[in-house]
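Below is one structure, written out as structure tokens; the observations come after it.
Please read all numbers here as calculations on a predicted model, not as lab measurements. Reminder, nothing fancy here: chain letters follow the sequence lines and each chain counts from 1. Heavy atoms only: backbone and side chains are in, while hydrogens, waters and symmetry mates are out.
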There are 2 protein chains.
Amino acid sequence: MAGLRERARRAVQAELAAVALELFTERGFDEVTVDDIARAAGVSKRSFFRYFPAKEDAVFGGVQVMGDDIADQLTARPAGEPPWESLHAVLRDWVARIDAESRATLRLIERTPSLRARFQQRREEARSRIAAALAARASLDPFTADLLTSAAGAAVDCASREWLRRGPDADPAHLLDTAFTHLRPACTTP
Amino acid sequence: MAGLRERARRAVQAELAAVALELFTERGFDEVTVDDIARAAGVSKRSFFRYFPAKEDAVFGGVQVMGDDIADQLTARPAGEPPWESLHAVLRDWVARIDAESRATLRLIERTPSLRARFQQRREEARSRIAAALAARASLDPFTADLLTSAAGAAVDCASREWLRRGPDADPAHLLDTAFTHLRPACTTP
DNA sequence: GCCACTTCTGTCATTCGGTGTCATGAATGG
DNA sequence: CCATTCATGACACCGAATGACAGAAGTGGC
């Protein structure tokens, strides 16, 4: 069961994230101080840092959880499937689950350099784990797993940028398909 | 001719960068304050920020200049050459020009998260310019140019990581060749 | 050499992100 | 009911970064 403490903690964290996102989208990330967020949420500046290790981290969370299970889903793919197809399928599933709120967050990230940097950092960590999972599943050497996952990351990046270029009406999944098709590496069929 | 002011400025900037790199490699980026660097170089902390916009920027410079002319070299490639081959050739040339000092810098960057973030940010800007140059030269749509340059960036990343994995004896150019060969996208031969 | 004019520099003060400390009060578990 | 744990706020502190100002030094014209 979830104790009162745990529930309160999650509630405050969600409240802080919501307040922060609102202020950020309204005035821009750099024009909002941690004190602003804390005061708007009715807590002290010190308490903010008890819920988030850094100011940037108040933005992630809705995005972060999604990236965690990609490695698991990857190991659950059919055994004979080529690695590139596995990555494509899993990531296609992932972009399909991105909801409207996450898209607003992604836009904020895309236009804020410091957030972009933090985002790339997290994505790189995730990519590293995914590469390890892929190497274990398909018995690939680390270099090849690195190549495949990095290329997949590039595909996601390009699809994301193209989606931002075209506006929210474009279909992200279709853009990702195009990117994966165009980028299919030579090493998938050795 | 270069006036005394200009020469003095470059000298101080180089001195600051050298001192900073020495302290960073010795004690780690986060364990060195700007005051430390400034004092070791015999200037005030305030003056440091007149030469570099941020602490991280004292590390780049030896690396940055190299990335600037990649777009130019790209436009100078033979007209009929496939885009992927052009990127391969130019970047191969680029890694070949990386000297020992730059390698030490790269190692420092690779093991310092905040430097990595800054580095990725700069590389992304460079990639964007290169994509524009490539699109203009080979009359590609922005999306395809994006895909090719991002994949090339992934190749460089993977080669760099593999090089760090294997130690300084490995040949970076050869690793880059392998990455580019394995990653050759399907869209190079439409 | 002398004199404006610009640029560089150090000093001081300030903002902001982030951390350590400590006392207080509330939740928890027996 | 009581001892322990945990969250909180208040305060001080560090380091990165910026603005303001005064003085030193280079630059160009006379």
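Sorted by first and then second residue, the salt bridge (Lys or Arg N to Asp or Glu O under 4.0 Å) pairs with a member in residues 15-26 of chain A form an empty list; sequence neighbours excluded.
Using a cutoff of 4.0 Å between basic side-chain nitrogens and carboxylate oxygens, R116(A) and E56(A) are not scored as salt-bridged.
The salt bridge (Lys or Arg N to Asp or Glu O under 4.0 Å) test applied to R50(A) returns no partner, not counting sequence neighbours. Residues meeting the side chain to side chain contact (heavy atoms under 4.5 Å, CB included) test with A135(A), sequence neighbours left out: A145(A). A search for side chain to side chain contact (heavy atoms under 4.5 Å, CB included) contacts involving R111(B) returns L108(B), not counting sequence neighbours. Here S128(A) pairs with nothing under the side chain to side chain contact (heavy atoms under 4.5 Å, CB included) rule; sequence neighbours left out. Residues meeting the salt bridge (Lys or Arg N to Asp or Glu O under 4.0 Å) test with R9(B), sequence neighbours left out: none. Residues passing the salt bridge (Lys or Arg N to Asp or Glu O under 4.0 Å) test with R27(A) are D36(A), sequence neighbours excluded. Legend: residues meeting salt bridge (Lys or Arg N to Asp or Glu O under 4.0 Å) with D57(B), ordered by chain and number and at least two apart, are R118(B), R122(B). Scored by the side chain to side chain contact (heavy atoms under 4.5 Å, CB included) test, D141(B) finds F143(B), T144(B) as partners (sequence neighbours excluded).
As rounded to whole Å, 12 Å separates atom C1' of dG15(D) from atom CD of E31(B). Here dT14(C) presents its P atom at 17 Å from CG of D35(A), a figure rounded to the nearest Å. Put simply, CD1 on I37(A) is 8 Å from P on dG17(C), counting in whole angstrom units. Note: CZ (R9(A)) to P (dT5(D)) measures 18 Å, nearest angstrom. Computed from coordinates, the L16(A) CG to dA7(D) C1' distance equals 13 Å when rounded to whole Å. Rounded to a whole Å, the CZ atom of R7(A) is 12 Å from the P atom of dA27(C). Between K55(B) atom NZ and dG15(D) atom C1' the separation is 8 Å, expressed in whole Å.
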Open item on the list: How would you summarise protein contacts on nucleotides 18-27 of chain D per nucleotide, using B for base, S for sugar-phosphate only and - for none, with heavy-atom distances below 4.0 Å?
Closed with: BBB----BBS

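Heavy atoms of F48(B) sit nowhere under 4.0 angstrom from any nucleic acid atom.
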Return the polar atom pairs (N/O with N/O) between nucleotides 1-4 of chain C and the protein under 3.5 Å, or none.
none

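For the OP1/OP2 pair of dG9(D) and a distance below 4.0 Å, the side-chain nitrogens and oxygens of S47(A) include at least one atom meeting the criterion. Contact between the side-chain N/O atoms of Y51(A) and the OP1/OP2 oxygens of dA7(D) is not found at any separation under 4.0 Å.
Across residues 17-29 of chain B, not one residue has a non-hydrogen atom less than 4.0 Å from an atom of DNA chain C.
With W84(A) as the aromatic partner, R77(A) does not meet the cation-pi criteria of under 6.0 angstrom to the ring centre and within 45 degrees of the ring axis.
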